[in-house]
Amino acid sequence: MDTNEKLRILTASAKFDAACTSSGSQRRSFKGGIGSAVSAGCCHAFSSDGRCISLLKVLYTNYCINDCKYCVCRRSNDIERAAFEPKELADLFMSFYRRNYVEGLFLSSGVVKNPDYTAERLLEVLKILREEYYFCGYIHVKAIPGASPELVRALGLLADRMSVNIELPSESSLRLLAPQKTKENVTKPMAQIRDGIIQRTNEIKLFRSTPRFVPAGQSTQMIIGATPDTDYQIIRLSQALYRTYGLKRVFYSAYVPVGNHPALPKDIQPPLLREHRLYQADWLMRFYGFTAEEILSEDNSHLDPLLDPKAFWALNHLDQFPVEINTAPYEMLLRVPGIGVNCAKRIAAARRTAKLTFADLKKLRVQLKNSVYFITCGGKYVFPSYRMNHSFIYGSLTASSSMMPAITEHRQLTMNDDFDSLTPTAEERVKCLTGQF
Amino acid sequence: MPDGTILDGGAVYVYDGSYDGLFTAIFDAVYSRREPEDIVSGNRLQLTFATRYIETAADPAKAARVKKAAREKLGSQAMKRIYHAYLSSGEDREISIYRYLMLGFRMGGKANSHLTDPAVFRVFSLSRNVSREADKMMGFMRFSVMEGGVQYCRFSPENNILPLVLSHFAARFPGIPLVIHDTRRSLLGIYDTAGRYIVSAEGYVPPEKSSDEECFEGLWKLFYDTISIKERRNLKLMKQMMPARYFRHVWER
């Protein structure tokens, strides 16, 4: 089998892994070496599904002894199988890298023979790259569940990021669909990587030569929509993972039907909107100081398809609004729908030197479309304050075009301004639920 | 009129287009106490009757004095910002930099948070625009290995980001000679594994691609097509992430 065929087969098997980020690691090349990594990461192309291509994402092999029902590579699936040679894969990767096609390597694998054997093969590839080619760029490698701790450590010393995929959000789903995988198998390497990172940060203070260990941290992935787990369960789990294992990222991957197990949904469109909302909720937990319990609750266990989670939260906490742009604490600015981290920082910097008006906010390129219902500038609303109730704001936020009157330097709004027709039409609601945006 | 001009349309300072030249012009503007109406590089000059033009010759010593003062007042972050704004294609970049610096000399580091000031905001947004384009380009540029081992890449950025991408790639591939060709400005960025140079590309003909280049391009195209999930096909999103101006060079799409 030639490299062409192998690349095709092993890419097709790897494509369902959502992680393709190259961020979090800073590396510099040295004389005789090649490659570098920037902590912001870098996208090199976007495929026709709109996802970023940053890494050469392939499996070492798609032969697998496991039979996970949701996975294309499961033993019982009748597909083409292939395996790279370590040298062959390393050479292919380097020829892509030097032409600037990719930012790094994402190496995963099906489990051949046993987890240790598989991990050794991955280690071989990484050794060729780091120790023969002196490659100083980004490498993401999977910790094969069940592999021995020594191998996980050896991989971690060469890679930038490691990941162990949880795949399914609850243990019952795992038992049902991935009988050979156990929760233990996943959490053990995760804990080991966490401890390795902590140990490294402690030792670097004493010895400058302490080798890097997974400098870009670890991540994991969950499949969304293959099992009946609720959004609340999912984000609770993510929160627990961020807190207890110090993960850098949890990826969510909308389930694309590839299996025929009776417990799996069939003929469904991948739940892309749900995936999107989960990412938004995830961002709220990582960058905006929200907890999972603030975003959802036991009774209200799914994210609203019409509203992003922050707007949903704000609508249910109108008592905390409006927020005065000139005096509100930074943490509260972050909670205003439509104001992101960059915007909040810009506002916090700008208000130190001048009192901000709505016109200033426009100048600072603050998106007023969604935030205008929740903020005042110098005590003034854009809308008359009697309109600021749940149904008006809900209607405005979900309406297809913005209802916001033009903001100019001198205009004062009057009661006669047109605020009618602010609720979404029936058609819009249907569209939203069927996911046609 | 104290300086003898009859028509007083303000002074326009003309510099040679170099970074030092810009700072020399700013130096001259400050010490001649003639508030500049604009600062333009020589090749962008459009003469009008009502304006008084003041030619300045780049002087590294003068430029260094302004740079040192600016660094002390505004900080090194701001110097990076100013350099990026200088590389942009915004017509008002020089005068915005001048006004930002003047504000900085007056109020010190506080000027950096004076975002409601039009000149400060303009420098910030020009610089953001430049670094954003450079960051994107660093991903979207594609090198070909040519006969003789040189790696060649052609691109046509909106801003003059050649120095930024050249130093990025020179640091990334320290052992590989590189030629980066800016077709819009007709400039060549050259890295010969010892140093980096930027020269004019007039009359430059790139060497032939090496014989196995096609094979690697085919492999990459194969990877690109295979990695996409057809059930998630979303061309609109793809175009949003990879706008048309980058499209030309990303040939695999």
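Numbers restart at 1 for each chain; the letters A, B, ... are given by sequence-line order, proteins then strands. Values in this document were obtained by computation on a predicted structure and should not be read as measured data.
- Ranked by heavy-atom pairs under 4.5 Å with chain B, the list A:G50, A:C136, A:C52 is led by A:G50.
- With values rounded to the nearest 0.5 angstrom, A:F46 atom CZ is found 14.0 Å from B:I227 atom CD1.
- Residue B:L222 touches chain A through its side chain alone, counting heavy-atom pairs closer than 4.5 Å.
- Ranked by heavy-atom pairs shorter than 4.5 Å toward chain B, the options A:C43, A:A348, A:G137 are led by A:C43.
- For the residue pair B:F121 and A:L364, the shortest heavy atom distance occurs at CE1-CA, 3.8 Å.
- Looking at A:I34, both its backbone and its side chain come within 4.5 Å of chain B, counting heavy atoms on both sides.
- With sequence neighbours excluded, no residue satisfies ring pair (Phe, Tyr, Trp, His ring centres under 6.0 Å) with B:F155.
- Residue B:I176 touches chain A through its side chain alone, counting heavy-atom pairs closer than 4.5 Å.
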Interface of chain A and chain B, donor-acceptor atom pairs under 3.5 Å:
| from | atom 1 | to | atom 2 | distance (Å) |
| --- | --- | --- | --- | --- |
| A:G35 | N | B:R172 | O | 2.7 |
| A:S36 | O | B:R172 | NH2 | 3.0 |
| A:S36 | OG | B:R172 | NE | 3.0 |
| A:S36 | OG | B:R172 | NH2 | 3.4 |
| A:H44 | O | B:R142 | NH2 | 2.4 |
| A:H44 | ND1 | B:G139 | O | 3.1 |
| A:F46 | O | B:Y224 | OH | 2.5 |
| A:S48 | O | B:N234 | N | 2.9 |
| A:S48 | OG | B:S228 | OG | 2.9 |
| A:D49 | OD2 | B:I229 | N | 2.7 |
| A:Y97 | OH | B:R172 | NE | 3.2 |
| A:R98 | O | B:Q151 | NE2 | 2.8 |
| A:R98 | NE | B:Q151 | OE1 | 2.6 |
| A:R98 | NH2 | B:Q151 | OE1 | 3.1 |
| A:R99 | O | B:F143 | N | 3.0 |
| A:R99 | NE | B:E213 | OE1 | 3.2 |
| A:R99 | NE | B:E213 | OE2 | 2.8 |
| A:R99 | NH2 | B:E213 | OE1 | 2.8 |
| A:N100 | O | B:R142 | NH1 | 3.1 |
| A:N100 | ND2 | B:M138 | O | 2.8 |
| A:N100 | ND2 | B:M141 | O | 2.9 |
| A:E103 | OE1 | B:R172 | NH1 | 3.1 |
| A:E103 | OE2 | B:R172 | NH2 | 2.7 |
| A:E275 | OE1 | B:R232 | NH1 | 2.9 |
| A:E275 | OE2 | B:R232 | NH2 | 2.9 |
| A:T353 | OG1 | B:S113 | O | 3.2 |

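- Of all heavy-atom pairs between B:L219 and A:L7, the closest is O-CD2, 3.4 Å.
- Of the atoms belonging to A:L356, it is side-chain heavy atoms, and not backbone ones, that fall under 4.5 Å from chain B.
- Both the backbone and the side chain of A:A254 come within less than 4.5 Å of a heavy atom of chain B.
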